[in-house]
Number of protein chains: 2
Amino acid sequence: MLQFKGRKILKKKGVDSLQVSGKKERLRDFIKKMGFKSTRQRDIIATEFLKTICHITAEELYKKISRMNKEIGFTTVYRTLKLLAKSGLATERVFADNLTRYEPISTKEHHDHLICLACGGITEFEDTKIEKLQEAVAVEFGFMTITHKMELYGYCRKCKKHAPASE
Amino acid sequence: MLQFKGRKILKKKGVDSLQVSGKKERLRDFIKKMGFKSTRQRDIIATEFLKTICHITAEELYKKISRMNKEIGFTTVYRTLKLLAKSGLATERVFADNLTRYEPISTKEHHDHLICLACGGITEFEDTKIEKLQEAVAVEFGFMTITHKMELYGYCRKCKKHAPASE
DNA sequence: AAGAAAATGAAATTCATTTTCAAAATGTTA
DNA sequence: TAACATTTTGAAAATGAATTTCATTTTCTT
């Protein structure tokens, strides 16, 4: 069983708060449209989540929020993340450690991941050439692709000097 | 949450029994080398597993074996699959339905998967051009790749006529 | 303000996976 | 081959993330 030794996540370029508030508006619209209700909790959770620059689990987000606010339960964080995913503001992903992680949608249309087996760091990348070849494979098999998943597991620049010799 | 409506698996070209017995010998060697013991159960489970032409779960293999042999427990099937994986005779994989599946190692060095969202069918493919591009991406990020995962989810030839219009 | 509907959160449930433990089987040694 | 140390077995229990339940609280109409 694969297991990460840590959870440190690589940084991404600046996230501006204007963008966050735009997304929060989009969430509010979605909530209204669906006949749901806006709540203090959802607002706090969404704000905290949208500030996120990494792939976070419900547990991690819950802990982060608990530090400031003892009155928000795990279940609500969990449900709000699901809601964010349904509204299209978050993406749900499962990597090799089998935990469900959420990530705010980015400007990139679709991206894949490089995952460090030592530090757990996740780096995103995009490669149109690969995407095109994937589609070509699908067509060859008479397959209609809806989505795909591509993850490269290994050791990042910082960790590779400590990579186990035998693998 | 993604869910398969069925479990039908596409066929692969013939598996010859000579190959199976060669693999069984390899398992026996591994067992001996590690100081483990050969047992009737392990033999039955390995034989049944190596005949497998698809990606099977411990549960599925257990049920298949139970039909003929009521005296083999789920735990033993589970443990033998893990053992097969450790011995290098099986590959452990988790797809989007979050079940752990095992597949006998094939002649192909590495392969990726097309997974039908309607019937659950899994088709294997190999594409060296994609592999090379993946490696190029890794190098660009100073990343040392150990392994990778690539899955295309969609509708197979047979199921695509029934694919939901909206996705 | 009152009522209908939805949200909350603690606790319970689910379900695949993994571990425990006492009994049985294996294989090595004398 | 008998004894013994070790491993294996399998039923049952434990684990742990994900999900649901349900009584209570909150929100959003009129």
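Hydrogens, waters and symmetry mates play no part in the numbers below; they use all other heavy atoms, side chains included. Letters A, B, ... mirror the listed sequences (proteins, then strands); counts begin at 1.
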Trainee: Test side-chain contact (heavy atoms from CB on, under 4.5 Å) on B:Thr100 and B:Leu81; report intermediate values, then the result.
Mentor: CA-CA 11 Å; B:Thr100 305; B:Leu81 284 173; over 6 Å; no
Trainee: Nearest to the side chain of B:Ile72 - D:dT9, D:dG10, D:dT20?
Mentor: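 Shortest atom-to-atom distance from the side chain points to D:dG10.
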Trainee: Looking at every strand, decide which applies to A:Glu59 at a 4.0 Å heavy-atom threshold: base, sugar-phosphate, or nothing.
Mentor: nothing
Trainee: Starting at atom CD1 of A:Ile65, determine the distance to atom P of C:dT8, rounded to an integer number of angstrom.
Mentor: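 Taking CD1 of A:Ile65 and P of C:dT8, I get 12 Å after rounding.
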Trainee: Measure NZ/A:Lys82 against P/C:dG9 and give the value in whole Å, please.
Mentor: 18 Å
Trainee: Taking side-chain contact (heavy atoms from CB on, under 4.5 Å) as the test, write out the residues that go with B:Lys129, two or more places apart.
Mentor: A:Leu133, B:Asp127
Trainee: Is any side-chain N or O of B:Arg42 closer than 4.0 Å to OP1 or OP2 of D:dT9?
Mentor: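 The answer is yes; a side-chain N or O of B:Arg42 sits under 4.0 Å from OP1 or OP2.
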Trainee: Return the nearest nucleotide to the side chain of B:Thr76; candidates are C:dT8, D:dG10, C:dT18.
Mentor: D:dG10
Trainee: Could you label the plane-to-plane angle of the B:Phe125 and A:Phe141 rings as parallel, tilted or perpendicular, counting under 30° as parallel and over 60° as perpendicular?
Mentor: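 If you compare the ring of B:Phe125 with that of A:Phe141, the planes turn out tilted.
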Trainee: Does any non-hydrogen side-chain atom of A:Val77 lie less than 4.5 Å from one of A:Glu48?
Mentor: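 No, every pair of side-chain atoms sits at 4.5 Å or beyond.
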Trainee: Looking at C:dT17, I'd like to know if its phosphate oxygens (OP1 or OP2) sit under 4.0 Å from a side-chain N or O belonging to B:Thr100.
Mentor: yes
Trainee: Closest approach to the side chain of A:Tyr78, judged atom by atom: which nucleotide of D:dA17, D:dT20, D:dG10 is it?
Mentor: D:dT20
Trainee: Please step through side-chain contact (heavy atoms from CB on, under 4.5 Å) for the pair A:Ser87 and A:Arg26, ending with a clear verdict.
Mentor: CA-CA 8 Å; A:Ser87 77; A:Arg26 193 165 141 191; over 6 Å; no
Trainee: For the pair made of CG in A:Leu84 and P in C:dA7, what is the distance, rounded to whole Å?
Mentor: 13 Å
Trainee: Would you mind telling me which of C:dG9, C:dT19, D:dA17 lies closest to the side-chain atoms of B:Thr75?
Mentor: C:dT19
Trainee: Using a 3.5 Å distance criterion without hydrogens, assess whether the side chain of A:Lys23 forms a donor-acceptor pair with backbone atoms of A:Ala46.
Mentor: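 No: the side chain of A:Lys23 does not pair with the backbone of A:Ala46.
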Trainee: Rounded to the nearest angstrom, tell me the gap between atom CZ in B:Arg40 and atom C1' in D:dG10.
Mentor: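 Distance check: B:Arg40 CZ to D:dG10 C1' gives 12 Å.
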Trainee: Among D:dT21, C:dT17, D:dT8, which is the nearest nucleotide to the side chain of B:Phe36?
Mentor: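 That would be D:dT8.
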Trainee: For B:Phe74 and for B:Ile31, locate the closest nucleotide of DNA chain D by heavy-atom distance; then report the residue assigned to the nucleotide nearer the 5' terminus.
Mentor: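 It is B:Ile31 whose nearest nucleotide is closer to the 5' end.
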Trainee: Does the side chain of B:Gln41 get closer than 4.0 angstrom to OP1 or OP2 of D:dG10 through an N or O atom?
Mentor: yes
Trainee: Rounded to the nearest Å, what distance is computed from the NZ atom of residue A:Lys63 to the C1' atom of nucleotide D:dA17?
Mentor: 12 Å
Trainee: Roughly, in whole Å, what's the span from CG in A:Leu61 to C1' in C:dG9?
Mentor: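 Roughly 16 Å, once rounded to whole Å.
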Trainee: Roughly how many Å is it from CG in B:Leu99 to P in C:dT18, rounded to a whole number?
Mentor: 12 Å
Trainee: Any chance the side chains of A:Gln41 and A:Thr80 put a donor and an acceptor closer than 3.5 Å?
Mentor: no
Trainee: Atom CG of A:Asp97 and atom P of C:dT18: how far apart are they, to the nearest Å?
Mentor: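 Going from CG in A:Asp97 over to P in C:dT18 covers 13 Å.
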Trainee: Which pairs, protein N/O on one side and nucleotides 1-5 of chain C N/O on the other, fall under 3.5 Å?
Mentor:
from  : atom 1 : to      : atom 2 : distance (Å)
C:dA5 : N3     : A:Lys37 : NZ     : 2.6

Trainee: Between B:Thr39 and C:dA25, does any side-chain N or O lie under 4.0 Å from OP1 or OP2?
Mentor: no
Trainee: Please assess A:Glu25 against A:Arg28 for the test salt bridge (charged side-chain N to carboxylate O under 4.0 Å, His left out), listing each intermediate value before the final yes or no.
Mentor: CA-CA 5 Å; A:Glu25 199 160 302; A:Arg28 222 167 287 132; 5.3 Å; no
Trainee: Where each residue is assigned the nucleotide of DNA chain C containing its nearest heavy atom, which of B:Lys32 and A:Met34 is assigned the position nearer the 5′ end?
Mentor: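 Result of the comparison: A:Met34.
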